[in-house]
Amino acid sequence: MKGVCLHRLLLNKLCFGLVFLLIVPVIVLLLEGAPVLTIFSTTPEQLKVFSQGFLQQQEQEHLGGDGATLSGIPGPASRSHSHKSRGKVNKDCNYAKGKWIADDKRPLYSGNECKQWLSKMWACRMMRRSHFSYENYRWQPHGCEMPEFTGPNFLKRMRNQTLAFVGDSLGRQQFQSMMCIATGGKYSPEVEDVGWNYGLVKAPGALRPDGWAYRFPATNTTILFYWSATLSELEPLNTEHTVTTYALHLDRPVTFLKKYLNNFDVLVLNTGHHWNRGKFNGNHWELYADGKPVGNDSRLAALNRAKNLTLHSIAKWMDSELARRPEMKVFLRTISPRHFVNGDWNTGGTCGNTIPLSNGSEVLQDHSIDIPAESAVKGTRVKLLDITAISKLRDEGHISNSSFKAFTGINDCLHWCLPGIPDTWNELLFAQI
């Protein structure tokens with residue numbers, strides 16, 4: 001492919017400008033012992049965007065560390081006994097700009113009781129962990145009044161509607177959080193498994209289905225999750241062999257979305273933690289664009305640029321779909337940060353801090369620190385669910401070394417304890433729907 005753009009439909013948006021930034025690749029641990037991966041953790045001081053182009057690395061591939069604090073102002077949060085804000089209601093609220101506030105009414109459900117929906121590997125109340133102060137905080141945007149977020153309120157708002165999460169294991173955490181909130185964390189035999197309506201059934205020999213879908217009969221509300229690590233279409237290149245190489249089409253949305261999109265009223269997309277060579281090689285994924293393989297000499301051979309093409313492509317495709325269905329709401333959720341210190345997942349890296357907000361409690365910048373995601377949705381009808389800087393302040397909320405599956409010397413500083421930070425992601429989602 002010639003030039004810097006491989007998809008003519010995206011030419012004006014994707015031809016990259018100059019991006020001046022420091023990119024800090026960091027290694028994180030994937031779900032259930034999957035291969036390592038690389039994400040980009042940046043700070044406002046490290047980011048400057050000249051245009052909506054692809055990211056370019058100006059520093060070496062492995063700089064180490066986790067960057068400077070994103071917080072703004074350090075210090076203890078004030079204690080609040082109210083879920084109400086004194087700010088004015090503002091439909092144009094920047095929900096990502098605000099402050100963590102201690103709240104005795106949190107968490108929104110019990111980590112000991114939500115066993116029907118919450119995976120044991122994320123239920124820190126049932127693990128070896130002994131510090132749970134991370135559960136007792138809520139996010140308060142500056143100048144905005146947050147609606148009261150409860151299971152009944154959510155189900156009332158979503159009456160006769162379907163909420164779909166499509167993404168990786170962090171998307172699955174957000175899905176399980178929403179199921180626990182919607183049910184109050186209680187056993188709910190009335191909730192129906194409707195996964196078969198979406199082809200979400202466990203295949204022979206598989207550990208789990210590709211996702212789950214549950215319907216609440218009282219309000220006819222459905223909540224579902226579909227696993228798609230890259231949001232891209234995967235096409236087997238040799239259908240005659242059980243183990244084959246797959247074409248990962250950067251400019252085509254995952255087939256599940258094309259098939260079932262008309263069933264959804266609210267859609268939350270996320271990707272980012274699987275864009276690394278180890279994962280691609282392990283899954284036998286090969287990059288394709290415009291229906292052709294991406295050559296090693298192409299700029300898209302760099303996975304950060306490949307990911308950006310996918311983000312722009314799916315945002316543009318969703319925008320065209322929203323033109324036909326303006327009542328539907330689509331969100332691209334920004335990347336969830338990791339917090340390894342003094343090493344990476346396999347070199348003794350930890351996230352053992354148990355003191356909430358020790359790096360600050362406030363986010364002051366107006367723009368997202370996930371520049372690729374913010375750039376992708378700009379000019380489209382797709383909304384940004386910006387959780388990166390908010391979550392960056394909560395390093396004490398990770399599973400750390402409490403996991404049932406933790407190996408000696410290995411910590412999970414990518415996934416979150418539940419109840420925990422993903423509950424806030426859903427609260428911000430609820431405020432915007």
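Worth knowing before you read on, the calculation uses all heavy atoms, side chains too, and leaves out hydrogens, waters and symmetry mates.
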Do other residues, nucleotides or ligands put more than 12 heavy atoms under 6.0 Å from Asn296 CG? no

Go through it in stages, so that I can follow the logic: the residues are Trp285 and Phe280, the test is ring pair (Phe, Tyr, Trp, His ring centres under 6.0 Å), and I'd like the CA-CA distance, side-chain angles, deciding distance and then a yes or no. CA-CA 5 Å; Trp285 293 343; Phe280 270 58; 5.2 Å; yes

Ring centres under 6.0 angstrom apart (Tyr260, Phe264): no

Quick one: does Thr310's side chain get under 4.5 Å of Thr230's, heavy atoms only? no

Looking at Glu396 and Arg394, is any side-chain nitrogen of the basic one under 4.0 Å from a carboxylate oxygen of the acidic one? yes

Return yes when atom NZ of Lys258 has more than 12 non-hydrogen atoms of other residues, nucleotides or ligands closer than 6.0 Å, and no otherwise. yes

Before giving the answer on ring pair (Phe, Tyr, Trp, His ring centres under 6.0 Å), spell out for Tyr288 and His249 the whole-Å C-alpha distance, their side-chain angles and the decisive distance to 0.1 Å. CA-CA 5 Å; Tyr288 273 62; His249 293 278; 5.4 Å; yes

Whether Lys97 and Asp366 form a salt bridge (side-chain N of Lys/Arg under 4.0 Å from carboxylate O of Asp/Glu) is what I want to check. yes

Could you check whether Glu113 pairs with Lys186 (Lys NZ or Arg NE/NH1/NH2 to Asp/Glu carboxylate O, under 4.0 Å)? yes

Stepwise, does the ring pair (Phe, Tyr, Trp, His ring centres under 6.0 Å) test hold for Trp117 with Tyr214? CA-CA 10 Å; Trp117 318 111; Tyr214 297 103; 4.9 Å; yes

Does the Lys NZ or Arg CZ of Arg333 fall within the cation-pi geometry relative to Trp425 - under 6.0 Å from the ring centre and within 45° of the axis? yes

Checking Phe256 against Tyr226 for the ring pair (Phe, Tyr, Trp, His ring centres under 6.0 Å) test, could you report, in this order, the C-alpha distance in whole Å, the side-chain angles of both residues, the deciding distance, and whether it holds? CA-CA 8 Å; Phe256 180 83; Tyr226 179 78; 4.0 Å; yes

Answer yes when Glu321 and Lys316 have at least one side-chain N-carboxylate O distance shorter than 4.0 Å, and no when they do not. no

For Trp139 and Tyr95, I'd like to know if the aromatic rings sit close, meaning centre-to-centre distance below 6.0 Å. no

If you define the side chain from C-beta out and look only at heavy atoms, does anything of Leu385 sit under 4.5 Å from Gln432? yes

Would Arg172 pass as a cation-pi partner of Trp227, given that its NZ or CZ must be under 6.0 Å from the six-membered ring centre and within 45 degrees of the axis? no

How long is the span from the OG1 atom in Thr245 to the CG atom in Leu234, to the nearest 0.5 Å? 11.5 Å

Check this for me: does any side-chain nitrogen of one of Glu135 and Arg125 sit under 4.0 Å from a carboxylate oxygen of the other? yes

Among Leu261, Thr380, Asp251, whose side-chain contact (heavy atoms from CB on, under 4.5 Å) with Trp317 holds? Leu261

